[in-house]
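Notes follow the structure.
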Amino acid sequence: MDAQAPAPAKRAGLIFIFITVLLDIMGIGLIIPIMPQLVASFLGGDLSTASRYFGGLAACYTAMQFLFSPMLGALSDRYGRKPILLGSLLLTALSYLTLGLAPTLAWVFVARTMSGLGGASLTVASTYIADVSSPETRAQNYGLLGAAFGLGFIIGPALGGFLGAFDPRMPFFVAAGLSLLNFLYGLFVVPESHAVENRRAFTWAQANPVAWIALLRRHPIVMGLAVSMILQGLAQNGLQSNWVLFTTYRFHWSPTENGISLAVVGLSAALVQGGLIRVLLPRLGERRAILFGLALAAVAFLAYGLATQGWMMYAIVAVASIAGIAGPAVQGMVSKQVGPDEQGAVQGALTSLMSLTGIVGPIVANQLFAEFTAPSAPVKLPGIAFFLGAALTAIALFNMVRLFNRIPAQAIEQAPVSV
């Protein structure tokens, strides 16, 4: 199946990806509200100390994605998207079972390592979108992917916070069940999207986790876009790893309250990327959507760090969600720069690149949180990671302005000739 396939086949593929990502993110969202509590339970309940380990767990997860995403992306170019997707889902289910049964903090790290290895399903989902989309519809279809993320984070965190109030480990078992259901759905329903004529031989050189540098350098526009993706990824990963820590410290929110807040974040994202983006993108165009989104995100990061009341976080979320228009616009612009035979490799390279930001971002952000909330801190500044995120996003915005000023619009918006 490809971009020229009949409309019903393309629609079925998009529905599959939507459901796949929805269930995947639900499983991830289930554990977010209670993970800091689980880590702290092994460390005498000390939240500041737990934040250091919590950052390490997030880095461990994304380090595995960084190391293995290029390999799995390249394998999907050779063997198709479906077998790679199914294998990753099984490993994800096993990782959640391990988390639910973990007797020590070391086993929590083992489980998160397995989760990172299984995280390739999102990489393959992005590639699947490119397979079944035309150059004109890719940005909007990536918005559908964002909507699945949003809905997953509505249901997942709310359910995780609710279940965690009864038993901190119950959400892990529910997440394992969702991953297994996702596997069965993919096994019996999913059509293969990668046409045989577009497949290419796998080589170990493609599996090199730093080979993406050479690959992206062959596409200068993609490389320029990737710089801003790195900066925004660092900021966003710092936000995600600090949200529950920040709200627990500053507002004394419970797992249930954190779950509700994250559900609101997901709802806002779903409304924007599942509906509003389809109105805004055609009117603004990809360039202006990216610049507008990054500018709004920088302001939102600053506001999060300055919030003094819990209700303020909800007000900021309502505005910050609109900034999500930048992500699908960037993805759509990137996908136009490469042919169908390289979509999997490029998407795997970019996922690996973003995974690298997921290693550095949580470690830096959570170390800053620990330093500025510890009893010995010279000044209490729990929002320090959000302030750093605002600065990084502002630099990403400046980079995009420079890129767009140097390169004509036609060069960015023109899709390559298929080979």
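What you are looking at is a predicted structure, and each value in this text was computed from that prediction instead of being measured.
- Residue Met114 holds its CE atom at 9.0 Å from OG1 of Thr92, rounded to the nearest 0.5 Å.
- Note on ring orientation: taking the six-membered ring where Trp is involved, the planes of Tyr314 and Trp253 are tilted (angle from 30° to 60°).
- A donor and an acceptor atom, one from each side chain of Thr247 and Asn258, are located under 3.5 Å apart.
- Rounding to the nearest 0.5 angstrom, the gap separating the CG atom in Leu91 from the OG atom in Ser179 is 10.0 Å.
- Across all non-hydrogen atoms, the minimal contact from Pro382 to Arg250 is CG-NH2, 3.5 Å.
- In terms of heavy-atom proximity, Ala111 sits nearest to Leu99 at CB-CG, 3.5 Å.
- Atom CG of Leu271 is separated from atom CG of Leu267 by 4.5 Å, given to the nearest 0.5 angstrom.
- Interatomic distance, CD1 of Ile322 versus CD1 of Ile277, reported as 12.0 Å (0.5 Å rounding).
- Nearest heavy-atom pair across Tyr304 and Leu239 is CD1-CD1, 4.1 Å.
- The shortest side-chain heavy-atom distance between Ser228 and Val330 does not fall under the 4.5 Å cut-off.
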Check: residues 171-178 side-chain donor-acceptor pairs under 3.5 Å, at least two apart:
none

Using atom types as modelled, flag every donor-acceptor pair under 3.5 Å from a side chain in residues 288-299 to any protein atom, sequence neighbours excluded.
from: Arg288; atom 1: NE; to: Leu284; atom 2: O; distance (Å): 2.9
from: Arg288; atom 1: NH2; to: Arg283; atom 2: O; distance (Å): 3.3
from: Arg288; atom 1: NH2; to: Leu284; atom 2: O; distance (Å): 3.4

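- We find the CG-CG distance between Leu89 and Leu94 to be 13.0 Å, quoted to the nearest 0.5 Å.
- Applying the side-chain contact (heavy atoms from CB on, under 4.5 Å) rule to Ser321 yields the partners Ser268, Val272; only residues at least two apart in sequence or on another chain are considered.
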*asked:* Evaluate Met313 against Phe251 for side-chain contact (heavy atoms from CB on, under 4.5 Å), listing each step before the verdict.
replied: CA-CA 10 Å; Met313 302 296 282; Phe251 311 126; 3.5 Å; yes
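- At least one side-chain heavy atom of Val39 sits under 4.5 Å from a side-chain heavy atom of Leu57.
- Among residues two or more places apart in sequence or in another chain, the ring pair (Phe, Tyr, Trp, His ring centres under 6.0 Å) test is passed with Phe188 by none.
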*asked:* If you apply the rule side-chain contact (heavy atoms from CB on, under 4.5 Å), what do you find for Arg52 with Ile363, and how did you get there?
replied: CA-CA 7 Å; Arg52 301 180 189 274; Ile363 290 178; over 6 Å; no
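- Of all non-hydrogen atoms in Asn366 and Ser241, the two that sit nearest each other are OD1-OG, 2.9 Å.
- The ring pair (Phe, Tyr, Trp, His ring centres under 6.0 Å) test with Phe386 is passed by exactly one of Phe246, Phe372, Trp243: Phe246.
- Pairs of residues two or more places apart, or lying in two chains, that qualify as side chain to side chain donor-acceptor pair (under 3.5 Å) and include a residue from residues 230-240 are Gln232-Thr393, Asn237-Thr357.
- When the shell of 6.0 Å around OH of Tyr53 is examined, it contains 12 or fewer heavy atoms from other residues, nucleotides or ligands.
- For the ring pair (Phe, Tyr, Trp, His ring centres under 6.0 Å) test, no residue two or more places apart in sequence or in another chain qualifies with Tyr61.
- Contact check for Met64 versus Arg112: no side-chain heavy atoms found under the 4.5 Å cut-off.
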